[in-house]
2 protein chains.
Amino acid sequence: MEHNSRLEAASLTPGTVRPGGRTAKVRAAVLEATQEALVEGGFHGLNLDRVAARAGVGKTTVYRRWGSAAALVADLLRDMAEQSLPAADTGSLEGDLLANAHLVRQTLTDPRMGPVFQAVIAAAACDEECATALNGFYATRIHEWVPCVERAAGRGEVPAGTDAGEVVRAVSAPLYYRFAVSREPLGEADAVRAAGAAVAAAKAGWFTGN
Amino acid sequence: MEHNSRLEAASLTPGTVRPGGRTAKVRAAVLEATQEALVEGGFHGLNLDRVAARAGVGKTTVYRRWGSAAALVADLLRDMAEQSLPAADTGSLEGDLLANAHLVRQTLTDPRMGPVFQAVIAAAACDEECATALNGFYATRIHEWVPCVERAAGRGEVPAGTDAGEVVRAVSAPLYYRFAVSREPLGEADAVRAAGAAVAAAKAGWFTGN
DNA sequence: TCCCTAATGGGAAGCAAGTTCCGTTAAGAT
DNA sequence: ATCTTAACGGAACTTGCTTCCCATTAGGGA
């Protein structure tokens with residue numbers, strides 16, 4: 001009975017029964033290769049065969065463990081969500097959000113991360129699993145920056161009852177809009193404007209939760 | 001000489017020498033079928049063969065005139081940009097921008113147009129021609145709403161020198177961010193918040209062009 | 001109205017993508 | 001240290017998107 005359940009678990013998701021050593025190494029190599037492939041060819045040009053070759057892994061392994069380009073990107077997103085970087089604490093809300101806006105712009109205009117985010121957004125638009133993974137990624141990212149808004153509320157910089165997450169989203173939104181939707185150039189002035197506008201709207205009480 | 005140049009033009013881009021009648025009908029049918037296919041299968045599932053069949057057109061025609069899924073979407077975007085709808089004029093900036101936010105939310109949550117925009121954003125992330133076309137689409141859309149901000153500036157509702165386009169972008173940004181990036185649900189409360197925050201930031205002078 | 005040829009349409013061939021089979025390697029329990 | 005079997009890797013196979021070819025249709029100038 002127990003023997004059967006172990007077999008079943010293994011046949012459903014390879015890599016879960018023996019996650020150590022080789023399995024972990026293969027995953028790391030494949031995700032690294034996936035990211036490189038996305039930088040070069042975008043989501044549309046993602047090819048499981050080439051990813052396998054680049055990772056130095058048999059293509060059968062990639063097809064078996066992931067099965068599709070979308071699943072590969074979804075796993076990459078879960079991996080990216082785990083690597084969190086700490087938020088700023090400059091002492092003022094405007095300083096913190098400016099740091100956030102600067103970081104977002106830095107990331108989106110980065111020659112390596114820019115294409116990755118482009119691809120990841122495209123993947124989420126094509127596949128529901130990717131959409132969920134991308135949602136999870138931003139949920140953690142937003143959660144990391146919530147404290148600096150809550151500190152500002154404690155200092156009285158924004159009204160009590162301000163939805164911290166909504167303020168953080170308001171900073172990213174204009175930058176991502178230019179980056180992924182209207183496809184306009186993204187300058188440092190846009191980052192400054194995004195942070196400033198978010199603070200102004202927050203102080204005016206537009207982000208107080210219902 | 002002139003004869004040759006006409007031949008050359010024809011061989012480069014089919015449909016340019018005899019644009020009337022059948023050619024125009026084929027384009028309309030193909031773009032209509034493309035939109036339907038995007039609604040059902042997204043950009044990743046876009047298949048030139050099936051588009052041709054659905055349009056009641058030979059598949060060779062689609063492959064010859066467009067050649068790729070990305071080119072098909074790019075042409076659809078150019079077609080969409082031409083069909084402009086007039087902006088609101090309620091008498092106040094907040095009223096106009098609320099109408100705009102409401103319209104954007106309406107469009108993105110529409111069971112037909114939502115998937116189309118999803119697909120179009122994905123296509124732009126995959127292909128440079130689509131990216132340019134998408135940029136052009138939003139350039140015209142933003143341009144349509146610029147007058148209502150300029151009227152507000154004339155009434156003294158926002159500082160002189162306010163970048164009207166930037167205000168319009170500020171309204172759409174949070175809605176598109178939720179829709180395409182963070183993948184969160186999009187409610188009417190988000191539309192109200194987006195319009196209100198944009199007005200507050202504009203009045204605070206954060207959108208005054210350099 | 002007639003003619004020239006741009007543009008379309010169907011089918012067959014080519015090619016690259018994904019899928020499956022089966023032998024080999026090494027993780028982890030005893 | 002040994003054994004069981006999860007997980008990997010190479011190669012053959014299959015599917016389906018794309019392109020080529022040539023016959024057919026119809027736009028637009030004379």
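Residue numbers begin at 1 in each chain, while the letters A, B, ... track the order of the sequences. These numbers come from a predicted model, not from an experiment.
Taking atom NZ on A/Lys25 and atom C1' on D/dA7, their separation rounds to 15 Å, with Å as the unit. We find that CZ of B/Arg65 is positioned 17 Å from P of D/dT19, with the value rounded to whole Å. For the pair A/Trp66 CH2 and C/dG18 C1', the computed distance is 17 Å after rounding to whole Å. In this entry the distance linking CZ of B/Arg27 with P of C/dT8 reads 12 Å, nearest Å. Taking atom CG of A/Leu48 as the reference point, atom P of C/dA16 lies 17 Å away to the nearest angstrom. Between the P atom of D/dT19 and the CG atom of B/Asp49 lies a distance of 12 Å, rounded to the nearest Å.
Taking a cutoff of 4.0 Å between a charged side-chain nitrogen and a carboxylate oxygen, B/Glu32 and B/Lys25 do not qualify as a salt bridge. Taking the charged nitrogens against the carboxylate oxygens, A/Arg27 and A/Asp75 do have a contact shorter than 4.0 Å, which makes a salt bridge. Taking a cutoff of 4.0 Å between a charged side-chain nitrogen and a carboxylate oxygen, A/Arg54 and A/Glu40 qualify as a salt bridge.
When all heavy atoms of A/Val171 and A/Ala194 are compared, the closest pair comes out as O-CB, 3.5 Å. Contact between B/Arg112 and B/Val39 at its shortest, heavy atoms only, is O-CG2, 3.4 Å.
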Enumerate all atom pairs, one protein N or O and one N or O from nucleotides 19-24 of chain C, separated by less than 3.5 Å.
| unit_1 | atom_1 | unit_2 | atom_2 | d |
| --- | --- | --- | --- | --- |
| C/dT19 | O4 | A/Lys59 | NZ | 3.4 |

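Between B/Asn47 and the phosphate of D/dC17, there is a side-chain N or O to OP1/OP2 separation shorter than 4.0 Å. Close to C/dG9, at under 4.0 Å from its OP1 or OP2, lies a side-chain N or O of B/Thr61. In terms of phosphate contacts, A/Arg50 brings no side-chain nitrogen or oxygen within less than 4.0 Å of OP1 or OP2 of C/dA16.
Between the side chains of A/Tyr177 and B/Tyr138, no donor N or O sits under 3.5 Å from an acceptor N or O.
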